[in-house]
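First the structure, in the form of structure tokens, and then the observations on it.
Bear in mind the structure is a predicted one, so any value in this text is a computation, not a measurement. Throughout, protein chains are lettered first and strands after them, A, B, ... in sequence-line order, and every chain is numbered starting at 1.
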Amino acid sequence: MTFGKGCHLHLIDGSAFIFRAYHALPPLTRKSDGLPIGAVSGFCNMLQRYVEGNHGGDVTHVAVIFDKGSHTFRNDLYDQYKANREAMPEDLRPQIPLTRQATEAFNIACKEMEGYEADDIIATLAVQAREAGGRVTIISSDKDLMQLVGNGVEMFDAMKNRSIDRDGVIEKFGVGPERVVDVQALAGDSVDNVPGAPGIGIKTAALLINEYGSLEDLLDRAEEIKQPKRRQTLIEKRDQIELSKKLVQLDCETPLEFTLDDLEVREPDPERLMEFLAKMEFRTLTKRISEKLGVEAPAIPEKTPDTAEEGAPTAEALPFDGEAYECIREIDALTPWIDRIRERGYVAVDTETTGLNEMIAELVGVSLCIDPGKACYIPLTHKDGDADDLFGSDALAEGQIPLEEALAALKPVLEDPSILKIGQNIKYDFKILKRYGIAVSPIDDTMLMSYAMHGGEHGHGMDTLSERYLGHTPIPIKPLLGSGKSAITFDKVKIDDATPYAAEDADVTLRLWQLFKPQLHRAKVTTVYETLERPLVPVLAQMEMHGVKVDREVLSRMSNAFAQKMAGLEAEIHELAGESFNVGSPAQLGEILFDKMSLPGGKKGKTGKYSTPADVLEDLATEHDLPRRVLDWRQLSKLKSTYTDALQTHINPDTGRVHTSYSITGANTGRLASTDPNLQNIPVRSEEGRRIREAFVAEPGNVLVSLDYSQIELRILAHIAQIPALKQAFSDGLDIHAMTASEMFDVPLDEMTPDIRRQAKAINFGVIYGISGFGLARNLRIPRAEAQGFIDRYFERFPGIRAYMDDTVGFAKEHGYVQTLFGRRIHTTEINAKGPTAGFAKRAAINAPIQGTAADVIRRAMVRMPTAIAELPARMLLQVHDELLFEVAEDAVDSLIDAARDVMEGAADPAVKLDVNLVVDAGQGANWAEAH
DNA sequence: CTAGAGCGCTCG
DNA sequence: GTACGAGCGCTCTAGC
């Protein structure tokens, strides 16, 4: 078929495919000889998905285009072109020719030309196809190709699964495709080492091009530019800019040795394809494609154990098979497992228990896995599952190794410093086993690995990770346990049903570990994982198990007092409303306020119900007595239900203490999250609420000591955004909010009023949150224009802030993540979204490095703390983001404060040299209210 | 009866 | 339509 009108050409950027495949997969090797083939495997998977995805589509011609050789005409123009490219990884080099073979095996045209980049060939073909009247889709996300978009040519980003049209190009470059090279010539490209105009980025470049029409006009009329620096750059660097344009301009006249007609879509040749896939030993892919094509899959020899690297991930995933797992019912069957673990040096471990509360749950069984697909389950305390038999249900089921005997066999392995124990959320298993006298160490945690690499991209639970990275949905627990009232605990599950479920968890964990472990350093987060995530596990486990003493009597008395006051308020509210209704129902309250009483300001939410938040009621309080009563009632209701009542239910009957659980991966920024109960939101701001903290007490002869970082986020902002005035103020020990107010409103410090300071404080916080006029206006209850005026003035006085915000958002857009000073990466998946989401994402991106760096700092302090206070009669109990709470013997308070303060104030050292000091305030008392 | 969404409030 | 990051108790409704 001759290429012409109605034809549709797909051009696949092969080199981009290869690099993506290489970085997405672990270093897989061919079983028979250890040849690296990870990238080839990923490449073939992408090609197969491409072929399947286009089945029945209108594509008539297709080609995969590759780079060839490293020297191109661009190097003749500029010898530094792509000079700072990193060398190709050693294990990728031998895979390059194999990807050509793969393309040919799929019977897709495979094109390259010595001395030309793939981009030039793509450009030439696209132009030819367009001139012939056809349509073109370029499958790539390379921004250098965006200059080709338009007039029937579009791009498709296979990664994000979205096409890029003219509007997409304008979004990226601020100009249409025809002016993309002009913008690139100005902005340069650090990856390809294109110099561009120093100090001009994409945004400024787009602005200039849009104003002057084209690069040539801009350079000719450079004298007219107002900004002196910019004018000088454009005049002085004219040659460099013109050279840059030649470097980024794609060559649409590459002398091709083939025509469009040669690219016609061809049916795959099953025999040839199968032969190639079998040669690569891709078992799963061979099977899948053979089924698709309806041909027989060729046999692939099994692996020869002596050549396969020990423990190396295999190229093709072994299917999950619940039948294949071993159930260990006697000690003689356990011994060989223990021997194999000793030989191997690592093992994936998972515990099954009677509940989710590690301080109460009892051990039911243990799973182990050292090779994918080969896992075992050791049932220990399963009961006879006959629910009708009231006596039998408490008896241990037959065929289980006695608990003590099994633990005695496992303990030496689990505590052996030369054997790595791998878990998914291993803090849970660590705590359970600790209660049975086993101190698990050393450890690795796949959940934490995922968090370090993919924080912000998705959750890190086992089901999510397994589906996403292993393509396997683990057996759900629901059918085994049931739900609601009729739910049973795991010890009541039949051992035969428990085995595939439990062993699979260990299997999944092991496979995730094999996948993640080598990826950590490629993702450049090994240090983050090893210094900020993993070491926290034993530290938090210890804190959680120790718990904090809570005085039930104090809570109980307060609860009764609250109940009485609430009853009184409720009667008054009903009286004022003229009818009885549920004060706790915003919907009912809304109808009373806005319909019955016709008060102003009634807004309805998405469910069509009135919304009655506190600030609205606050406004209404000037018009009527009822809203104030409701506000008072709500405060009491909150205190009673969430704190005085619910907290009591969390007091552990054995310890008399409350044991929270910290989630290391709970917050995207690196902060911890506290659950069951949340001890990070115990009231403190209101006088009545603060009294809840009187119930958090020290044991007799001890006191509670609280140490908290003073203004840590603002200090970090001063450092990151390099604000001289802020840094100076901190170094002088000034009241930072008063200083801000003085600077902004031209009020001398000795004439400062509380109100002016309050406004400055709100602005300081606003900056950390990614300030907006709307948000500040709402917070300060002032007109939006006035709030905007404040912000403008702030940016004027502290110009570094604006630059920090712009730079951070720019970085997020380019890389898809932002970073803390310690290298933690927080992914910003929505940063390129449109509409209101864009605003959210930008503010989150601005806030994340600040909040995240503060979180890293206190994590570092916590990791060092146990050693620092080991000799003292003291325990670290709680973390509340910028505060650590300790319980310490009365006579050791001063030593504890000295030691802990040293650790906290020096927590950034030596990894990061901050331009500001970290300052820690300390307090002490018989209870948390006094200590804070 | 149970699960989940929405609201509102607590903290740093 | 908006400040950043979290968790939890209550009400209400949809669906078993």
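- If you take NZ of A:Lys606 and P of C:dC12, they are 19 Å apart, rounded to a whole angstrom.
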task = Step by step, work out the salt bridge (charged side-chain N to carboxylate O under 4.0 Å, His left out) result for A:Lys565 and A:Glu688.
result = CA-CA 13 Å; A:Lys565 280 196 193 172; A:Glu688 303 89 319; over 6 Å; no
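- Between A:Lys427 and A:Glu544 there is a salt bridge, since a side-chain N of the basic residue sits under 4.0 Å from a carboxylate O of the acidic one.
- Near DNA chain C, meaning a heavy atom under 4.0 Å away, the residues from residues 776-791 of chain A are A:Leu776, A:Arg778, A:Asn779, A:Arg784.
- Neither side chain, A:Tyr529 nor A:Asp445, offers a donor N or O lying under 3.5 Å from an acceptor on the other.
- Within the 4.0 angstrom heavy-atom criterion, no nucleotide atom of any strand lies near A:Asp708.
- For the pair A:Asp619 and A:Arg781, the salt-bridge criterion is met [side-chain N within less than 4.0 Å of a carboxylate O].
- Nucleotides C:dT2 and B:dG8, compared at atom P, are 13 Å apart to the nearest Å.
- Residue A:Pro836 is out of contact with every strand shown, counting any heavy-atom pair closer than 4.0 Å.
- The backbone N or O of A:Asp676 lies less than 3.5 Å from no partner atom in the side chain of A:Thr660, so there is not a single donor-acceptor pair.
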ask   = Given the rule in the salt bridge (charged side-chain N to carboxylate O under 4.0 Å, His left out) test, do A:Arg758 and A:Asp755 qualify, once you have shown the distances and angles that lead to the verdict?
value = CA-CA 5 Å; A:Arg758 181 184 61 85; A:Asp755 195 59; 3.0 Å; yes
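- Interface remark: the A:Ser772 side chain does form a donor-acceptor pair with the C:dT2 base, using a distance-only criterion of under 3.5 Å.
- To the nearest angstrom, C1' of C:dC4 lies 16 Å from CZ of A:Phe774.
- When rounded to the nearest whole Å, the span between CZ of A:Phe581 and C1' of C:dT11 equals 14 Å.
- Of all nucleotides in DNA chain B having an atom under 4.0 Å from a heavy atom of chain A, the first and last in 5' to 3' order are B:dT2 to B:dG12.
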message = Could you walk me through whether A:Phe790 and A:Phe745 satisfy the ring pair (Phe, Tyr, Trp, His ring centres under 6.0 Å) test, starting with their C-alpha distance in whole Å, then the side-chain angles of each, then the deciding distance to 0.1 Å, before giving a yes or no?
response = CA-CA 9 Å; A:Phe790 286 178; A:Phe745 302 113; 5.2 Å; yes
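- A residue-by-residue look at A:Val767 and A:Pro586 shows that A:Val767 has its nearest nucleotide of DNA chain C further toward the 5' end.
- Residues from residues 610-617 of chain A that place a heavy atom under 4.0 Å from any atom of DNA chain B, listed by number: A:Ser611, A:Thr612, A:Pro613, A:Ala614.
- The aromatic rings of A:Phe594 and A:Tyr610 sit tilted relative to each other, their planes meeting at an angle between 30° and 60°.
- Heavy atoms of other residues, nucleotides or ligands lying less than 6.0 angstrom from NZ of A:Lys603 number 12 at most.
- Comparing the same atom, P, in B:dG4 and in C:dA3 gives a spacing of 27 Å after rounding to whole Å.
- Atom CE in A:Met805 sits about 11 Å away from atom C1' in C:dC4, given to the nearest Å.
- Contacts between residues 845-854 of chain A and DNA chain C, counted as heavy-atom distances below 4.0 Å, involve A:Asn847, A:Gln851.
- Rounded to a whole Å, the CZ atom of A:Arg843 is 9 Å from the P atom of C:dG5.
- Non-hydrogen atoms lying under 4.0 Å from DNA chain C are contributed by A:Lys638, A:Ser641, A:Thr642, A:Ala646, all within residues 628-647 of chain A.
- Within a 6.0 Å sphere centred on CZ of A:Arg657, heavy atoms belonging to other residues, nucleotides or ligands number more than 12.
- Taking the centre and axis of the six-membered ring of A:Phe840, the NZ or CZ atom of A:Arg843 falls inside the cone set by 45° and 6.0 Å.
- Near DNA chain B, meaning a heavy atom under 4.0 Å from it, residues 813-824 of chain A has no residue at all.
- At a threshold of 4.0 angstrom between heavy atoms, the contacts of A:Gly835 with the nucleic acid are absent.
- The nearest whole Å value for the distance from the OH atom in A:Tyr769 to the C1' atom in C:dA3 is 9 Å.
- When the C1' atom of C:dA6 is taken as reference, atom OH of A:Tyr451 falls 11 Å away, rounded to whole Å.
- Under a 3.5 Å cut-off, the side chain of A:Ser559 and the backbone N or O of A:Thr644 do not form any donor-acceptor pair.
- Within 4.0 Å (heavy atoms only), A:Glu713 reaches no atom of the nucleic acid at all.
- Under the 3.5 Å distance criterion, with hydrogens and angles disregarded, no donor-acceptor pair is assigned to the side chains of A:Gln564 and A:Asn560.
- At a threshold of 4.0 angstrom between heavy atoms, the contacts of A:Gly766 include nucleobase atoms, whether or not backbone atoms are also involved.
- Look at CZ on A:Phe840: it is 7 Å from C1' on C:dG1, rounded to the nearest Å.
- Contacts of A:Asn681 with the nucleic acid, taken as non-hydrogen atoms under 4.0 Å apart, include base atoms.
- For the residue pair A:Thr612 and A:Arg634, a side-chain donor N or O sits within less than 3.5 Å of a side-chain acceptor on the partner.
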